[in-house]
Amino acid sequence: MPELPEVEAITRSLRPLVRGRRIRCAHIFHPIATKPQSPAQLAQLARGCRILDASRRGKYLLLPLDRGLLEMHFRFDGQLIWFRSASELLRRANQSLDGVHVDVALELDKGVLGFADQRHFGRVHYWPSLAACPSLRSLGPDAISPQCTTSFLHERLSSSRRPLKEFLLDQSRIAGIGNIYSAEALWHACLDPRRRANSLSRKDSAKLHKAIVSVLHRALECCLHPAPDFRDPRWWFQGIEKVLRAYQREGLPCRRCGHAIERIEQGGRSTYCCLHCQK
DNA sequence: CGCACATCCTGTGTGC
DNA sequence: TGCACACAGGATGTGC
C-alpha cells in the first residue's frame with residue numbers, strides 16, 4: 001500500500017521518464033479510474049499537454065502540465081507500468097491470459113505511462129490548477145516537509161481528542177502517513193496508539209515527531225533500493241518487512257521488550273503494537 | 001466543526 | 001479438493 005515513502009520513490013523514478021514529454025492522447029480502458037470525473041473529459045483536457053514535472057503531496061502523485069495537472073492516487077494496489085510504445089501497450093495490456101491490467105494509459109511522444117489497478121480503488125484525475133484540486137486543498141502539510149516541525153505537530157495534537165493512531169491517519173492534519181507507518185512511528189516513539197492526541201506532553205510530541213521522520217526516511221531508503229522499475233509489471237516494493245517492528249507482527253516478540261505484539265482494532269482497521277512498552 | 005460509520009472493489013485467506 | 005464467504009485497505013460522503 002503506497003504511503004509517503006513508496007509514492008516518493010515512484011515519483012523519483014518517474015520524473016526522468018515523463019519530464020518535458022507531451023501527452024499525445026489518453027486511453028481510458030476502465031472508466032471507474034477517473035470517477036467521479038468523466039473519462040472523455042479527462043482525455044480531452046489532457047490531450048496535447050506537456051508534462052512539466054512529477055511531484056508528490058502526501059500520498060498523491062502529481063503531474064503538473066503546461067495546462068492544468070493530473071493527480072493520481074494508488075490506494076492499495078495501484079501501480080505504474082511503462083510501455084515503450086502504443087503497440088506494446090495494446091499487445092500486453094488487458095489481454096485475456098497474463099495481460100497487464102491497465103485502467104488508464106497516457107500515450108506520450110516517447111513511451112506510454114500506464115496506471116494499473118485491478119481492484120479499481122485507485123484514481124486518476126485532471127484539474128485545471130493546483131488550487132482547483134479538492135483533495136490537495138484539504139491536505140495537511142507533508143509529514144517530511146520542513147513545515148511539519150515538532151511545535152507544529154504538538155499544536156495539532158493538542159487540538160484533537162482522537163486516539164493517536166486515528167490522528168496520524170487523518171490526512172488533513174499531516175499528510176502521507178498510512179496504516180503501516182502510523183503503527184511503526186508509534187512503536188518507535190513508545191506511545192500507546194489508543195492514547196488521546198491531546199494527552200501528549202511536549203516531550204512526547206517531540207518523540208513522536210522524531211519517530212515519524214526517521215520511520216519515513218528509513219522506509220524511503222528501502223523503497224529506493226531497488227528503485228521502482230515500471231518496465232516490469234510484476235515489480236513491487238520489497239524488503240520493507242525487514243524494517244517493520246510492529247506492523248503485521250502479531251504474536252511475534254517485541255524487539256524492545258520481548259512481549260508479544262498485539263493486533264487491536266481502531267476505527268475499523270488493524271493497529272499493531274506492544275501494549276507492554278508503548279505507554 | 002468534529003467524529004463515527006458505510007461505501008467502493010476484488011484477490012487472498014479461512015473454514016467447512 | 002472445492003466451494004462459500006469474510007476480510008483488508010484509503011478516501012469520501014452522509015448523518016449525528
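Just so it is clear, the values below take in all heavy atoms, side chains as well, and ignore hydrogens, waters and symmetry mates. The chains referred to below are lettered A, B, ... by the order of the sequence lines, with proteins before strands, and numbering in each begins at 1.
- In this structure, A:L168 places its CG atom 14 Å from P of B:dC3, rounding to the nearest Å.
- Among the protein residues, A:R263 comes within range of the sugar-phosphate backbone only, with heavy atoms under 4.0 Å from sugar or phosphate atoms but none that close to a base.
- Out of C:dG10, C:dA8, B:dC3, the shortest distance to the side chain of A:R119 is found at C:dA8.
- Between the C1' atom of C:dG10 and the CZ atom of A:R123 lies a distance of 11 Å, rounded to the nearest Å.
- Applying the 3.5 Å distance criterion, the base of C:dG10 shares a donor-acceptor pair with the side chain of A:R269.
- Atom CG of A:D77 is separated from atom P of C:dC7 by 19 Å (rounded to the nearest Å).
- Both cation-pi conditions hold for A:R256 and A:W187: the charged atom is under 6.0 angstrom from the six-membered ring centre and inside a 45 degree cone around its axis.
- The side chain of A:Q171 approaches C:dA11 more closely than any other nucleotide in the set C:dA11, C:dG10, C:dA8.
- Per the geometry, CG belonging to A:L139 stands 8 Å off P belonging to C:dA11, to the nearest Å.
- For A:H73 and C:dG10, the shortest distance from a side-chain N or O to OP1 or OP2 is not below 4.0 Å.
- Considering only side-chain N and O atoms, A:K35 lies nowhere under 4.0 angstrom from the phosphate OP1 or OP2 of C:dT12.
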Would you please test A:D53 and A:R15 for salt bridge (Lys or Arg N to Asp or Glu O under 4.0 Å) and show each step?
CA-CA 6 Å; A:D53 196 10; A:R15 188 171 289 131; 3.0 Å; yes
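- Closest to the side chain of A:S160, out of C:dG10, B:dC3, C:dT12, is B:dC3.
- For the pair A:R173 and B:dC3, the criterion of a side-chain N or O lying under 4.0 Å from OP1 or OP2 is met.
- With C:dG10, C:dA8, B:dA4 as the choices, the nucleotide that has an atom nearest any side-chain atom of A:E166 turns out to be B:dA4.
- For the OP1/OP2 pair of C:dA8 and a distance below 4.0 Å, the side-chain nitrogens and oxygens of A:Y247 include no atom meeting the criterion.
- Side-chain polar atoms of A:R263 and A:S270 form a donor-acceptor pair below 3.5 angstrom.
- Among the protein residues, A:F167 comes within range of no part of the nucleic acid, since none of its heavy atoms lies under 4.0 Å from any strand.
- Looking at heavy-atom distances under 4.0 Å, A:Y272 makes no contact with the nucleic acid at all.
- Here the two rings, on A:F115 and A:F74, have centers that are under 6.0 Å apart.
- Rounding to whole angstrom units, CZ of residue A:F121 and C1' of C:dA11 are separated by 10 Å.
- In this structure, A:L164 atom CG and B:dC3 atom P are separated by 13 Å, rounded to whole Å.
- As a whole-Å value, the separation of A:Y60 OH from C:dT12 P is 4 Å.
- Residues A:E71 and A:S135 have side chains that bring a donor and an acceptor to within less than 3.5 angstrom of each other.
- The residue A:R162 sits close only to the backbone: its heavy atoms come under 4.0 Å of sugar-phosphate atoms, none of a base.
- Across C:dG9, C:dA11, C:dT12, the shortest atom-to-atom separation from the side chain of A:S135 is found for C:dT12.
- At the phosphate of B:dC9, neither OP1 nor OP2 sits under 4.0 Å from any side-chain N or O atom of A:Q118.
- Across the protein-nucleic acid pair, A:L169 atom CG and C:dG9 atom P stand 10 Å apart, rounded to whole Å.
- Contact annotation: A:H120 reaches the phosphate of B:dT10 (side-chain N/O to OP1 or OP2, under 4.0 Å).
- For the residue pair A:D117 and A:H101, no side-chain donor N or O sits within less than 3.5 Å of a side-chain acceptor on the partner.
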